[in-house]
Amino acid sequence: MGEILRKATVVELDPATVEVCDLRIDADRIVARGPNLPAQPGDLETDLSGKVVMPGLVNGHTHLAFTLGRGAPPTSPTKLCTEPLDKTYWRLDRALDLPGVEISTAAGALEALYSGTTTVFDHHSSPT
């Protein structure tokens, strides 16, 4: 028993293509795609009209603990490249406690997932 996803808007990234078609899923894998795929006895059929199916995106460098720090006031230009970090992000980093990190990370992870990102490499390292 498999599943047919009907009328999905399928996005491919390489090469970049968009098409509306059916997808056949067997054993957690897409095994066929095309218009009006025939269903087999016992198949589950799901209408995905207006829905997008695409590969999960990967974010290779993120700092989820700083999600809630967005919008922090900018620092004035300096000659030292570390001074803006010292005045904003490193101050936030020192102030974060475990509940703050958890909330900020959850918010950033949900935002990533909502945007189609299914894998993140987070670079959290905090003195606290």
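Residues: numbered from 1 along the sequence shown.
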ILVMFWY cluster, [X] and [Y] together (side-chain gap under 4.5 Å):
X     : Y     : result
Val52 : Leu13 : yes
Leu92 : Leu68 : no
Val10 : Ile30 : yes
Val18 : Met54 : yes

Determine the minimum heavy-atom distance between [X] and [Y], stating which atoms define it.
X      : Y     : answer
Ala109 : Leu64 : N-CD2, 3.9 Å
Cys21  : Pro35 : CB-N, 4.5 Å
Ala39  : Glu45 : CB-OE2, 3.5 Å
Glu3   : Asp43 : N-OD1, 4.3 Å

Self-check item: Leu44, Ile25, Leu37, Asp22 screened by side chain to side chain contact (heavy atoms under 4.5 Å, CB included) with Leu5, the one that passes
Solution: Ile25

Quiz prompt | Side-chain donor or acceptor of Ser104 paired with backbone N/O of Thr67 under 3.5 Å | solution = yes

Quiz prompt | Donor-acceptor contact below 3.5 Å, side chain Thr105 vs main chain Val101 | solution = yes

Quiz prompt | Heavy-atom neighbours of Leu57 CG exceed 12 at 6.0 Å | solution = yes

Self-check item: Partners meeting salt bridge (charged side-chain N to carboxylate O under 4.0 Å, His left out) with Asp47 (sequence neighbours left out)
Solution: none

Exercise. For Asp122, check salt bridge (charged side-chain N to carboxylate O under 4.0 Å, His left out) against everything at least two apart and list the hits.
Key: none

Measure the spacing between [atom1] of [X] and [atom2] of [Y] and express it to the nearest 0.5 Å.
X     : Y      : atom1 : atom2 : result
Leu96 : Phe66  : CG    : CZ    : 6.5 Å
Lys7  : Thr46  : NZ    : OG1   : 13.0 Å
Asn59 : Phe121 : CG    : CZ    : 9.5 Å

Exercise. Mind checking side-chain contact (heavy atoms from CB on, under 4.5 Å) for Ala106 and listing every partner two or more places apart, or none if nothing turns up?
Key: none

Quiz item: Are side-chain heavy atoms of Ile4 and Arg24 found at a separation under 4.5 Å?
Solution: yes

